[in-house]
Undergrad: 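Have a look at the structure that comes next, please.
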Amino acid sequence: MAGKTLVAYFSASGTTARVAQQVAGAVGADTYEIVADPRYTAADLDWQNKRSRSSLEMNDESCRPAIAGALPDMSGYDVVLLGFPIWWYKEPRIVDTFIEGIDLSGKRVVPFATSGGSGIGGAESHMKGLCPDALWQSGRLLNGGDAAAWARSVCA
Ligand SMILES: Cc1cc2nc3c(=O)[nH]c(=O)nc-3n(C[C@H](O)[C@H](O)[C@H](O)COP(=O)(O)O)c2cc1C
């Protein structure tokens with residue numbers, strides 16, 4: 001896969017961030033961290049509390065949490081490796097803020113995720129529906145396994 005690559009990722013508690021650094025390091029890609037404004041607290045991430053911030057956001061299809069700072073200039077990139085944790089079988093809503101906030105039309109987008117065990121398929125189909133002009137490629141759940149080898153195979 002030719003072209004300049006950006007690894008864009010959201011990580012609320014560090015797991016996806018570690019994987020994203022391995023992915024980016026393996027292929028020499030630039031990175032962009034999607035940072036929430038305000039950042040998520042431990043209480044925000046309590047999925048057992050129906051009134052926690054993450055529960056309220058995931059129950060609201062139209063919710064688009066704010067991203068801190070500027071979005072990346074996508075004009076120099078052909079490929080985006082997009083990483084996030086699985087929340088309620090999907091991508092966190094702030095990832096929707098990101099993909100709707102930048103121009104991904106005609107760019108190859110390859111998702112990757114970490115989770116407690118759930119797959120990435122629900123996130124992939126949801127994001128394709130939100131952003132049909134991107135060239136979505138099949139993503140990968142990177143719980144353990146060789147993130148660097150996966151990244152090299154995607155960018156070969
Ligand atoms: C609000 C919330 C919802 C989650 N929902 C799921 C889920 O549906 N399935 C799953 O396997 N793991 C779920 N998890 C676990 C995370 O996907 C997992 O811990 C992930 O590696 C965290 O990544 P991070 O440290 O980059 O934020 C959830 C975690 C949170 C905070």
Side-chain angles (χ1 to χ4, degrees), residues 5-72 74 77 79-102 104 108-131 134 136-155:
T5 302
L6 178 69
V7 175
Y9 65 94
F10 169 69
S11 180
S13 52
T15 303
T16 311
R18 283 190 290 279
V19 172
Q21 294 303 333
Q22 292 167 14
V23 165
V27 294
D30 294 344
T31 59
Y32 172 84
E33 181 178 4
I34 301 166
V35 176
D37 182 13
R39 286 177 185 266
Y40 290 86
T41 65
D44 290 339
L45 300 175
D46 183 358
W47 64 84
Q48 290 172 313
N49 177 357
K50 290 192 168 112
R51 301 205 54 76
S52 73
R53 177 180 170 194
S54 57
S55 297
L56 295 174
E57 289 179 0
M58 297 310 287
N59 279 327
D60 178 0
E61 169 71 37
S62 66
C63 177
R64 295 292 182 271
I67 292 173
L71 292 169
M74 296 305 296
Y77 297 105
V79 182
V80 182
L81 307 186
L82 178 61
F84 49 84
I86 299 296
W87 282 9
W88 294 106
Y89 311 104
K90 286 189 186 145
E91 75 286 5
R93 298 281 182 222
I94 195 164
V95 176
D96 300 342
T97 310
F98 180 74
I99 61 177
E100 289 177 347
I102 58 173
L104 286 174
R108 294 184 189 277
V109 185
V110 194
F112 64 94
T114 69
S115 78
S118 297
I120 194 173
E124 291 187 285
S125 53
H126 189 248
M127 292 188 297
K128 277 180 203 166
L130 292 179
C131 192
W136 292 96
Q137 276 195 212
S138 233
R140 177 71 71 86
L141 190 68
L142 290 173
N143 288 342
D146 195 340
W150 174 78
R152 282 192 291 268
S153 73
V154 167
C155 295

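Position 1 is the first residue of the sequence, and the numbers go up from there. One-based numbering, in listed order, for ligands and for the atoms of each. None of these values were measured; they are calculated from a predicted model.
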Undergrad: Quick one: does any side-chain atom of Ser55 pair with a main-chain N or O of Asn49 as donor and acceptor, under 3.5 Å?
TA: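 Here the side-chain-to-backbone pair exists.
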Undergrad: Taking both backbone and side-chain atoms of Pro85, is any N or O found less than 3.5 Å from an N or O belonging to ligand 1?
TA: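 The answer is no, given that Pro85 and ligand 1 share no N or O pair closer than 3.5 Å.
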Undergrad: Going by the order shown, which atoms of ligand 1 are within less than 4.0 Å of some heavy atom of Ser118?
TA: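 Reading through ligand 1 atom by atom, the close ones are 7 (C), 8 (O), 9 (N), 10 (C), 11 (O).
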Undergrad: Looking at non-hydrogen atoms alone, which of Tyr40, Trp87, Tyr9 comes nearest to atom 30 (C) of ligand 1?
TA: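 Comparing heavy atoms across Tyr40, Trp87, Tyr9, the nearest one to atom 30 (C) of ligand 1 lies in Trp87.
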Undergrad: Taking only heavy atoms of Thr16, which atoms of ligand 1 are found under 4.0 Å from at least one of them?
TA: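 Answer, ordered by atom number: 23 (O), 24 (P), 26 (O).
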Undergrad: Would you say Trp47 and ligand 1 have an N/O pair spaced under 3.5 Å apart?
TA: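 For ligand 1, there is no N or O atom that lies under 3.5 Å from one belonging to Trp47.
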Undergrad: With heavy-atom distances below 4.0 Å as the criterion, list the atoms of ligand 1 near Ala12.
TA: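 Result: 24 (P), 26 (O), 27 (O).
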Undergrad: Polar-atom distance check: Ala17 versus ligand 1, any N or O pair below 3.5 Å?
TA: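 For ligand 1, there is no N or O atom that lies under 3.5 Å from one belonging to Ala17.
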Undergrad: Residue-level breakdown please: for Ser54 versus ligand 1, do any non-hydrogen atoms fall below 4.0 Å on the side chain, on the backbone, on both, or on neither?
TA: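 The answer is the side chain.
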Undergrad: Would you mind checking which non-hydrogen protein atom is closest to atom 17 (O) of ligand 1, with the distance to 0.1 Å?
TA: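 Protein heavy atom at minimum distance: Ile86 O, 2.7 Å.
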Undergrad: Determine whether a donor-acceptor pair (N or O, by modelled atom type, separation under 3.5 Å) exists between the side chain of Arg93 and the backbone of Glu57.
TA: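 Yes: the side chain of Arg93 pairs with the backbone of Glu57.
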Undergrad: List the closest protein heavy-atom neighbour of atom 5 (N) of ligand 1: residue, atom name, distance to the nearest 0.1 Å.
TA: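 The closest one turns out to be Trp88 N, 2.9 Å.
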Undergrad: Considering heavy atoms of the protein only, find what lies nearest to atom 12 (N) of ligand 1 and give residue, atom and distance to 0.1 Å.
TA: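 So the nearest neighbour among protein heavy atoms is Gly116 N, 3.0 Å.
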Undergrad: Quick test: of every protein heavy atom, which one is nearest to atom 31 (C) of ligand 1, and how far off is it to 0.1 Å?
TA: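 For atom 31 (C) of ligand 1, the nearest protein heavy atom comes out as Leu45 O, 3.4 Å.
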Undergrad: Any protein heavy atom lying closer than 4.0 Å to atom 19 (O) of ligand 1?
TA: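 Looking at atom 19 (O) of ligand 1, one finds that no protein heavy atom lies closer than 4.0 Å.
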Undergrad: Taking 4.0 angstrom as the limit and counting only heavy atoms of Gly14, give me the atoms of ligand 1 inside it, by number and element.
TA: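 The atoms of ligand 1 under 4.0 Å from a heavy atom of Gly14 are 24 (P), 25 (O), 26 (O).
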Undergrad: Closer than 3.5 angstrom, by distance alone: can the side chain of Thr5 be matched with the main-chain N or O of Val79 as a donor-acceptor pair?
TA: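 Not confirmed, Thr5 side chain does not pair with Val79 backbone.
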Undergrad: Which heavy atom of the protein is the closest neighbour of atom 21 (O) of ligand 1, given with residue, atom name and distance?
TA: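 Among all protein heavy atoms, the one nearest atom 21 (O) of ligand 1 is Thr114 OG1, 2.6 Å.
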